[in-house]
There are 2 protein chains.
Amino acid sequence: MADKNAWLLKLKKEGAVSPRQSLAEEAADNLREFILLEKLAPGTPIPERDISAALGISRTPLREAMRLLVVEGLIEYSSTRRPKVADPSLEEIIQYIKVLAALEALGGGIACVEASFVEINDILALNELMASNKITDPLEFFRLDMQFHTLIVEASKNEPLIETHRQYNARLWRARFISSRRTKGRETTLNEHKAISEALIKRNVAGMENAMRAHLYTTIENISEAKTKENNHET
Amino acid sequence: MADKNAWLLKLKKEGAVSPRQSLAEEAADNLREFILLEKLAPGTPIPERDISAALGISRTPLREAMRLLVVEGLIEYSSTRRPKVADPSLEEIIQYIKVLAALEALGGGIACVEASFVEINDILALNELMASNKITDPLEFFRLDMQFHTLIVEASKNEPLIETHRQYNARLWRARFISSRRTKGRETTLNEHKAISEALIKRNVAGMENAMRAHLYTTIENISEAKTKENNHET
DNA sequence: AAATCACTTCTTTTATACCATATTAAAATA
DNA sequence: TATTTTAATATGGTATAAAAGAAGTGATTT
């Protein structure tokens, strides 16, 4: 028992060097990963005892972690207060994306003013990598796509915006991933990214905002299409 | 002991009729109120045991409540993990408002399409009440101002947007309240509300978005001014 | 006299035990 | 046989106790 504690302690100290991270925060990170990577499918019940045992922690920090994910929208409680992985409808997803579009338009606009040349170069490089034919794995392409958006918002240096954007991205991760597998719209994506990049280079705020919104509204179409096919398949 | 339980049970049932609310959620609501109403000033430490005793609950649900408020940005942890009421700098507040402006512009735009005539009438009535000289209490005027914004966003019927807007509003409540006491800009506020209302009546999306953004950027100026004066006073 | 180290105290963090409720399965009755 | 009721089990909610960590205080040493 003493050994186990020493081991846990060591892990903790190594894992979180800067601002010490609590078990709850670690658990939240783990759960978020699980949900995003579909190890926990939408609708999956999350019994506190089982999950806490699986993560090797007690229920107290796990419950706190789950509260975090509820606010982030990744976990929801049924009418009988049983927690499950959130399973948003297409309508809800579209609502999320509308907010996401506004956030990214804002972030992109600010980035046009605030982004350093280094940041812009990184973003351009990422885009060129995506445009080259080196990326064959769809999952890898999807990750780069997500990173493209994140980098732009981060370039705004608006912390609350970055955090809120991260939360909306997390809610939408799965839907976008599914849509990215189904749609063959790599060409479209690249064109829209190009438009965004050019607005960034020119530091053209209005152009950026329009390009961002257009890009996200394409996303809505793709997801709607993917979802509809999914449903037809099921029936 | 049995009596006490029965009593608590009754309270619980009465307090949360629809989706049964946990003590943590109740506590979060209470704490939020306290913070918004300045019963707990920014920077105030929040020792768990004292607060839980004051609220008459144990520390477990209180801790969960505090986690919620951390995500919402109303509570933050010091480097030594001691919780305190968040005390954002002027720069951070300005960043919040920029996001809030984007959210309200989006909400207003959607409301132009989605708002029912009843909803529009309610909003107009509220605005007229504010414009009449019946409201003398600055706090009351401020509440109505907040409600004006909330009603418009709610008219968008975009749930995640409404929730995120609520959170940003909560973070900004205090700053806006202070600014509302200091600035004599009732006239300006009313004019800008009028512009917003007219855009809503005409269901003019672009006009609404511009009016909303303009209104929020005025808010930035007011808060900056109030904050500067506050600091000068202190020195 | 100042500085440092150890010890005590206070606060957060985690675990565990208990309680109330919801779900289920089984049994009894119609 | 089907339906309803009841009992058992599993699950979330809450409280409390034990553990870990940080800060303050006092004593000792240089």
Side-chain angles (χ1 to χ4, degrees), chain A residues 1-31 43-70 75-85, chain B residues 1-31 43-70 75-85:
Chain A
M1 201 55 174
D3 284 350
K4 188 195 160 196
N5 283 341
W7 179 72
L8 277 178
L9 191 62
K10 203 183 155 202
L11 251 190
K12 237 190 305 187
K13 289 223 164 133
E14 283 174 10
V17 196
S18 24
R20 203 176 92 258
Q21 199 155 327
S22 70
L23 278 188
E25 282 155 347
E26 269 178 56
D29 290 343
N30 282 329
L31 273 181
T44 308
I46 312 192
E48 292 179 358
R49 285 179 171 80
D50 298 354
I51 301 289
S52 64
L55 293 177
I57 60 178
S58 86
R59 284 176 55 211
T60 310
L62 175 71
R63 278 176 60 83
E64 291 182 7
M66 287 172 49
R67 294 274 184 205
L68 297 184
L69 297 181
V70 166
I75 289 181
E76 60 191 14
Y77 281 73
S78 75
S79 55
T80 57
R81 310 253 351 132
R82 272 170 173 62
K84 60 177 184 179
V85 178
Chain B
M1 198 58 172
D3 284 349
K4 187 196 162 197
N5 283 341
W7 179 73
L8 277 178
L9 192 62
K10 204 182 155 204
L11 249 189
K12 237 189 308 186
K13 289 226 164 129
E14 283 173 10
V17 196
S18 26
R20 208 173 85 254
Q21 199 156 331
S22 69
L23 276 189
E25 281 154 349
E26 269 178 55
D29 290 343
N30 282 329
L31 272 181
T44 309
I46 312 192
E48 291 179 0
R49 261 179 304 139
D50 299 357
I51 302 289
S52 64
L55 293 178
I57 61 177
S58 91
R59 289 176 38 224
T60 310
L62 175 72
R63 279 177 60 82
E64 291 180 6
M66 286 173 47
R67 292 275 184 202
L68 296 184
L69 298 181
V70 167
I75 289 182
E76 60 191 13
Y77 279 74
S78 74
S79 55
T80 60
R81 309 230 27 109
R82 270 169 177 62
K84 60 176 186 180
V85 177

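Fair warning: this is a prediction, and the values are worked out from it, not measured in the lab.
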Discussion item. Counting only side-chain nitrogens and oxygens, does B:Thr80 get under 4.0 Å of the OP1 or OP2 atom of C:dT12?
Written reply: no
Fill in: Closest-nucleotide 5' rank along DNA chain C - winner of B:Asp50 and A:Ala24
B:Asp50
Just how far, in rounded Å, is [atom2] of [N] from [atom1] of [X]?
X: A:Arg81; N: C:dT21; atom1: CZ; atom2: C1'; answer: 13 Å
X: B:Ile46; N: C:dT13; atom1: CD1; atom2: P; answer: 13 Å
X: B:Arg63; N: D:dT16; atom1: CZ; atom2: P; answer: 16 Å
X: B:Leu62; N: C:dT13; atom1: CG; atom2: P; answer: 12 Å
X: A:Tyr77; N: D:dT11; atom1: OH; atom2: C1'; answer: 11 Å
X: B:Leu23; N: C:dC19; atom1: CG; atom2: C1'; answer: 13 Å
X: B:Glu48; N: D:dG21; atom1: CD; atom2: P; answer: 16 Å
X: A:Ile51; N: D:dA10; atom1: CD1; atom2: P; answer: 17 Å

Any donor-acceptor N/O pair under 3.5 Å between [N] base and [X] side chain:
X: B:Arg59; N: C:dT13; value: yes
X: A:Arg49; N: D:dG12; value: yes
X: A:Thr60; N: C:dT16; value: yes
X: B:Arg82; N: D:dG21; value: no

Worksheet item: Hey, mind stepping through A:Arg67 and A:Glu48 against salt bridge (Lys or Arg N to Asp or Glu O under 4.0 Å) and telling me if it holds?
Response: CA-CA 12 Å; A:Arg67 294 274 184 205; A:Glu48 292 179 358; over 6 Å; no
Practice prompt. Provide the closest heavy-atom pair for B:Pro61 versus B:Leu23 in the form atom of the first, atom of the second, distance.
Written response: CB-CB, 3.9 Å
Worksheet entry | Minimal non-hydrogen separation, B:Ala65 against B:Ala27, with atom names | CB-CB, 3.8 Å
Worksheet item: Does A:Val70 reach the side chain of B:Leu68, with side-chain heavy atoms less than 4.5 Å apart?
Response: no
Worksheet item: Who pairs with B:Asp29 by side-chain hydrogen bond (donor to acceptor under 3.5 Å, both in side chains), at least two apart in sequence or on another chain?
Response: B:Gln21, B:Arg32
Worksheet item: A:Ser58 has a side chain; which of C:dA15, C:dT12, D:dA15 sits nearest to it?
Response: C:dA15
